Amino acid sequence: MAWLMDRLRSLWGGARFDEAFWEEFEDLLIEADLGAETAFEVVEEVQRRVKKEGVVDVEGVREVIKDVLRRYVRAGGFSLPDSGTVVLLFVGVNGVGKTTTIAKCAHFIRSTWGRDDVVLAAGDTFRAGAIDQLRVWGERLGVRVVAQQPGADPAAVIFDAIQSVERRGGGVVLADTAGRFHNRASLMDELAKVDRVIRTKAVHADYRRLLVIDASTGQNAFRQAEVFQETVGLDGLVLAKYDGAAKGGVLVPISRRLEIPALFVGTGEGLEDLRPFDVEEYLSRLVEG
Amino acid sequence: MFDRISATFQDIVRSITGKATISPKNIEEAVEQIKYALLEADVHVRVVRRFVNQTIQEATGERVLKSVTPGQQFVKILYDKLVSFLGDERQDLTLKGPDTLSIILLAGLQGSGKTTTAAKLALHLKKKGRRPLLVAADLARPAAIDQLETLGASIDVPVYTDRSQKDPRAVVKRALSHAKRQAVDTLIVDTAGRHQVDRELMDELSRLVRDLSPDEALLVADAMTGQTAVDVAKAFNEAVGITGVVLTKFDSDTRGGAALSIRTITGAPIKFIGVGEKVDDLEPFYPDRIASRILGMGDVVTLVEKA
Ligand SMILES: Nc1nc2c(ncn2[C@@H]2O[C@H](COP(=O)(O)OP(=O)(O)OP(=O)(O)O)[C@@H](O)[C@H]2O)c(=O)[nH]1
Ligand SMILES: Nc1nc2c(ncn2[C@@H]2O[C@H](COP(=O)(O)OP(=O)(O)OP(=O)(O)O)[C@@H](O)[C@H]2O)c(=O)[nH]1
Ligand SMILES: [Mg+2]
Ligand SMILES: [Mg+2]
């Protein structure tokens, strides 16, 4: 599909940017899931700068657009210590890609950071087949999976996994959790408990919380980020399913208002399909298609 | 472009419905606010425009302006239109009589809720006296078969699996002949999630549907889906000719504008909504409730009904 620049180019009537041009531009941003409010703010700012800087061509406008968006979007680097205990807790609503991201992340950590002491913790003890799913990934990866029975206390499972790596002098625990909606207080309380257990019982661990969001989700993803942030505090975002048609534009308001850095994008269902989040790549896709 | 009005849609409605006279200015403001509400609810931007254009003329016509309570009339027309865009009344599954085998196929993006919905539908049909068989035709996702087996066991519905197969078409073919030998009247086929842009997997799905010619080919879509809902619905409709839609995860606080986008693009009825992870968390789709939710209207409807 012809995307923003193509469509902007075709809109390019004469040497002026008229009302219709800006309206279309706003629509295009909304189509990328930035949300009406953020799209409006972006257009206003771009409009102001185009006028002020006397920009007259499409390429110039594109650069202004990217520049405005670049200030909104927050990327974070991902690095790991060579040794010691690291706990990565993956949280998010149902079906966004948490478990798959864990498997990919384990692969990434081993291949990029050379750490082989990776353990998966089956902290989703609720959903049918969730433990089996993580076990399949564990087998494929050749990494240990710490699991208990369906229905077991997730905090206990994750704590088990942390203790098991600490006994071996450290390791990276990738902890799965059940999908839960941010508007379900009891489930969010359960997550807060998991978080508390990790913080109080693994005081020396390098502990980070990652929210996985689905690139095809609309404005609700903002609420998700907001509430998960309030509940456990977030160290980063993973934008999963970025290999589809969705541009994941909701990351813009999330980044801008909540200041949570994006760390990874998920680009498929295989182990290799995880990449560090790259702002320029993200902006190009948002703006150019 | 939107006039940024600090008031919420509800405030606008309240102020407009209180008025005995109505001016082009406050109509225009209300229209902007409606557009904004629809967009923030994730209705596709082109669908918003289409809806607003088709509605506004009628809602601002002479009949309304001359009525005793033009504001109420205006909002009521808008709301009724939205309900009718969403499909007027609820529709159940269309299946054959119990003596002939009926087939339901579920398709959709990764993680949209197909497997869970398969179990929910099986329970729904079982309660109505049918004898469903769940078919595990997702051979791609790790432990997809285990998931369906666990769900099937929890509702005491048989699950057909064939772990030796690599091709979902082969599984489905065997499931069909298996079903004919069993006391089964409805096949519910769970398929692997796929992106609509994945040509290969979409073709595979088309072939599967051609083999089966299901009575119901249901698109299972996440109610939180953003603007891409339109492309998703279109692509799945082209590939399988969907007969209905199940919108899952309505227990989130999403406004669910995807319902309007999908319905407008495909014309296919939304038959059920998913409202939780449990097997009985399936409800019929009531267009009026979802219309209020999309507009974020709440009690405004009662206010208008009294007009
Ligand atoms: N195309 C694509 N599919 C993905 C990606 N990440 C996950 N998936 C698929 O999305 C579906 C759901 O992924 P899961 O990892 O099970 O999601 P989850 O968040 O753990 O789900 P719950 O535990 O049920 O809440 C699976 O079919 C995955 O294969 C991605 O980056 N791209
Ligand atoms: N809260 C809630 N969760 C749901 C609903 N429907 C499905 N889920 C959850 O969403 C997640 C994904 O559901 P699945 O049924 O595995 O989705 P799927 O489409 O089969 O996923 P793939 O096979 O990986 O493509 C699971 O955690 C389900 O429990 C719903 O209506 N409400
Ligand atoms: Mg999971
Ligand atoms: Mg499934």
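Since we're looking at a predicted model, the values are computed, not measured. All chains are named by letter (A, B, ...) in the order of the sequence lines, taking the proteins before the strands, and each is independently numbered beginning at 1.
Atom OG1 of A:Thr100 sits about 6.5 Å away from atom CZ of B:Arg141, to the nearest 0.5 Å. A distance of 9.5 Å separates CG in A:Asp132 from CD in B:Gln147, rounded to the nearest 0.5 Å. Here B:Leu39 contributes atom CG and A:Glu37 contributes atom CD; the two are 12.0 Å apart, rounded to the nearest 0.5 Å. Put simply, OG on B:Ser252 and NE2 on A:His182 are 6.0 Å apart, with the number rounded to the nearest 0.5 Å. Taken to the nearest 0.5 Å, the OG1 atom of B:Thr228 stands 6.0 Å off from the CG atom of A:Asp33. Atom CG of residue A:Asp243 and atom CD of residue B:Gln110 lie 7.0 Å apart, to the nearest 0.5 angstrom.
Of all heavy-atom pairs spanning A:Arg223 and B:Asp253, the tightest one is NE-OD2, 3.8 Å. Heavy-atom minimum distance, B:Asp42 versus A:Gly218: OD1-CA, 3.5 Å. Nearest heavy atoms, B:Thr150 versus A:Gly129: OG1-N, 4.4 Å. In terms of heavy atoms, A:Glu31 sits closest to B:Val45 at CG-CG1, 3.5 Å.
The environment of CZ in A:Arg49 is crowded: more than 12 heavy-atom neighbours from other residues, nucleotides or ligands sit within 6.0 Å.
Contact annotation for B:Arg194: neither backbone nor side-chain heavy atoms come within less than 4.5 Å of a heavy atom of chain A. Both the backbone and the side chain of B:Asp251 have a heavy atom closer than 4.5 Å to some heavy atom of chain A.
Looking at B:Asp146, its side chain never comes within 3.5 Å of a backbone N or O of A:Gln133 through a donor-acceptor pair.
Inter-residue side-chain proximity for B:Met224 and A:Val93 is flagged as met; some heavy-atom pair is nearer than 4.5 Å.
Not a single salt bridge (Lys or Arg N to Asp or Glu O under 4.0 Å) links A:Arg127 to another residue, sequence neighbours left out.
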